[in-house]
Structure formats: structure tokens, C-alpha cells
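Counting starts at 1 for both ligands and their atoms, following the listed order. None of the values given here were measured: they were computed from a predicted structure.
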Amino acid sequence: MRRLKVPEYILSIKPYVPGKPIEELEREYGISGSIKLASNENPLGPSPKAVKAIEGALSRLNRYPDGSGHDLVMKLSEHLGVSPGNIVLGNGSDEIIGMLTNAFLVPGDEVIIPRPSFLMYEIMARSAGARPVFVPLKSLSIDMESIAENISNKTRLIFLCNPNNPTGSVISGKDFARFIQKVPQNVIVVADEAYIDFVRDENCFKSIDYINSEHHVVTLRTFSKIYGLAGLRIGYGIMPEDISGILNRIRPPFNASIPAQAGAVGALGDEAFFKKTVRLVHDELDYIYASLTDKGIRYFPTQANFFLVDTAKNADDVFESMLKLGVIVRSMTSYGYPEYIRVSVGLHKENIRFIKALEKALL
Ligand SMILES: *Cc1c(COP(=O)(O)O)cnc(C)c1O
């Protein structure tokens, strides 16, 4: 067979490695009853109102979805206090990241990305042939001053993750206000707020405040975490209309499926589930902090539904030991923290089991 011609910049991409699925772990180790605390999913399951709405939509599956996502866009517009023209739906917020990089980048452009942060920014920037410019975190937080200093005349996009995955840190409103003054208005600043609803820090920056400013600020949100709909694939971007107009040129018309649109509308009406999720995460974080402190294990406080633990050992080994005990976490070796693991907040009994497994793994 003849060798395929593949662009160099595509060959430079390392495939995304997702958290290990429970089924795979149990097959490999011949165990059962294991728990997954590796992908920041909602341990309470999906929003019940979303499930009900999805069930109600199933009889319409012979039809194509509403390409404009009318009902969901209207509901979001009301919910967020922005105009419908500011909203673009995606097959997960991942897809919006890809639309932004496809629409605005040509080979040679620069994209500023904090490191470590969510891996999709790098993958999508590279897939458009752009050059990622990495800015290291400072004390586990995004270094806004250093990001501003790295802006060049080739910079087109800046990705911010607030709270940051995997560190759980947030950018303050003050720091962002100072930062945005140094950003040329033709540079798009993307604030990924996948975990914004878990934030307790009142000083946290809210990107939606900038929707009508003279700057190009895009907010990314998702139904995957707080509403427990990661498997449904639905997220959205909130952005000035000169950006949404461009994204709608390349957006696949049926990227949000009928169940996804219906489920998301149902979820937005499920205030009780939203509150229950937030309360669980906050209560459990307080419990976990106290337990880890008690056992002398170092952790980093978080504003998200996951946190880092400093194992003071090889994180890959700790990860493996915990796997054998049926607890799936994430080793941070590939994120540049060879002794840290990232753990998602689970149900109370899962968190108890996590702490026991961690203790054993650290013996
Ligand atoms: C989980 C996560 C998302 C959500 O992606 P979806 O495609 O909407 O499931 C986005 N950004 C970050 C930082 C995440 O951790």
C-alpha cells in the first residue's frame, strides 16, 4: 500500500487519552464493583428531568433535529440573559473548541495555552496547523501576566480554563480585568467554564460579563458535568455575534441531536438536581479535605468537582495500585506532575473508598 500524505502538524498530535472506562478495568483485572473517579463526571447520574425529556423525544428520531436548536437556544438565552444570536450549540463544548480553531486559524498562527490545562486546546490548535505557545502555571494557577507577555502579532486565540482542569484554580475578576486591557481586540479570548457552577470563591472571574464589551471574549459551557449528561454530548458557546456568525458557517447543521437538545432543555428546568449536585460536591470536598489532612496526605484545595493529591510517590505506580483496588483515578504524569493524581469527587461511600485505597497505595 502507498504511504498516505499527512500534514506534519497532524502528525505532531498525540491522541487524547480518556479516563479508563470501568468495563475495561474490570475485564483486565477480573474484578467487579469498581468506581471511576477519573473523568469529573456527575456521580448522581443524569438529571432525571433530562432523562424524562429524552424519553419523550425518542419517537421523533426518524426526523432530523432542528438545525437552529430553537427551543434550547431560547431557553439558554433566557437563563443566561444574553441574546439568542450570542449562542452556538455544540456536540459537547469540545466541538466549539474545534469550530473556533478551524474558523480562525491558519498554519503559522499562534495560540496561547496555559500548561497544564485541558488537552483539547492543544489538539485542536495543532489540527489547524497553528503553533501552541504554552505558558506554565504559577503555583497551580493560570499566570495571566505571563500570558499577556506572550502575545505576539501572530496570536489569534488565547485559551483560559476557569476553573482550570486539572488544578481546580480560578482566575480572579480583578486579574482578568487587568489582563484584558493588554489584549488586542482582534485576539479571541476563550474562557472554558465547564466547572464554573462548582466555584465557591466569590472573586472568581465570570466571562459572560464581557459579552457586550469591545473585546472578543467567548465563554464555553457544558451539560456534561453539572447536569450529568457527559454521554449525551451537548455544550455551547456564548460569544459576540461577529464570532457566532462565523462559527455558524462551519457548524454541521445537525450537530446537536434530538435527544441532546431535548435533554438539555429538560436539564435547565431541573433546578433541584443542579442544587443537589453542587451541595454534594461541596459537602464531600469538605469531608475529603478533613480526612486527607487527618491522614497527613497533601492535597490542593479546588474550585471544581475534582482535586489534585500530592502522593509524594510515582503517580503511575499509585494509579496502578489503586486500580487493583477497584478505584480509577488519573495519574498526572503526562500533565507534568509525576507525583500527583487527579481525583473526581464521588458519592460519599465512593469517597470513603477512595481514601482507604489511597492510604493502602501509599503504604
Ligand atoms: C469536561 C470538560 C469539558 C466538557 O467537554 P464536553 O465536550 O462538553 O463534554 C470542557 N472543558 C473542560 C476543561 C473539561 O474538563
Side-chain angles (χ1 to χ4, degrees), residues 16-21 36-43 46-47 50 69 72 76 87-102 111-125 127 132 137 140-142 157-171 189-199 204-205 207 218-239 247 251-252 255-257 259-261 263-264 267-268 277 281 302-308 329-330 332 334-335 342-346:
Y16 183 83
V17 183
K20 206 175 186 61
K36 185 182 174 197
L37 302 173
S39 299
N40 308 337
E41 294 150 338
N42 193 322
S47 141
L72 177 55
L76 282 170
I87 297 167
V88 176
L89 303 180
N91 185 327
S93 53
D94 277 1
E95 193 189 25
I96 312 275
I97 299 172
M99 284 190 232
L100 287 164
T101 53
N102 276 342
V111 178
I112 301 182
I113 302 174
R115 184 147 81 181
S117 190
F118 191 46
L119 295 173
M120 288 310 294
Y121 314 142
E122 174 182 354
I123 293 175
M124 298 322 292
S127 72
L137 302 190
L140 300 188
S141 296
I142 295 178
L157 281 174
I158 298 173
F159 282 101
L160 303 174
C161 190
N162 190 45
N164 188 46
N165 182 1
T167 56
S169 63
V170 292
I171 300 162
V189 177
V190 183
D192 183 345
E193 298 187 344
Y195 303 98
I196 198 79
D197 298 310
F198 298 108
V199 172
C204 178
F205 147 63
S207 58
V218 174
T219 304
L220 302 182
R221 299 269 181 94
T222 179
F223 287 90
S224 295
K225 311 286 160 55
I226 191 94
Y227 292 111
L229 297 173
L232 190 61
R233 311 307 304 133
I234 183 84
Y236 57 97
I238 310 158
M239 61 200 81
L247 293 200
R251 182 176 64 83
N255 65 331
S257 72
Q261 292 186 34
L268 285 174
T277 300
V281 167
T302 180
Q303 295 294 322
N305 65 342
F306 56 83
F307 54 95
L308 292 180
V329 297
R330 197 80 157 243
M332 288 288 104
S334 60
Y335 286 74
R342 192 194 67 196
V343 187
S344 312
V345 176

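Taking every heavy atom of G92 and a limit of under 4.0 angstrom, the matching atoms of ligand 1 come to 6 (P), 7 (O), 8 (O). Ligand-side atoms of ligand 1 in range of R233: 6 (P), 7 (O), 9 (O), range being under 4.0 angstrom from any heavy atom. Of all the atoms in ligand 1, the ones that sit under 4.0 Å from a non-hydrogen atom of A194 are 2 (C), 3 (C), 10 (C), 11 (N), 12 (C), 14 (C). Numbered from 1 in the order shown, with element, the atoms of ligand 1 that lie under 4.0 Å from a heavy atom of C161 read 13 (C).
The shortest N or O to N or O distance between N165 and ligand 1 is below 3.5 Å. Checked against a 3.5 angstrom limit, the closest N/O atoms of Y121 and ligand 1 fall outside it.
The side chain to side chain contact (heavy atoms under 4.5 Å, CB included) check on N162 picks up V170, I171, I196, C204, F205, with sequence neighbours excluded. Partners of S141 by side chain to side chain contact (heavy atoms under 4.5 Å, CB included), not counting sequence neighbours, listed by chain and number: S169.
The single protein non-hydrogen atom nearest to atom 3 (C) of ligand 1 is K225 NZ, 3.3 Å, given as residue, atom name and distance. Summary of contacts: the protein heavy atom closest to atom 5 (O) of ligand 1 is S93 OG, 3.3 Å.
Ring pair Y195/F198 is tilted by interplanar angle, where 30° to 60° counts as tilted.
Closest non-hydrogen pair, N164 versus P116, comes out as ND2-O, 3.1 Å.
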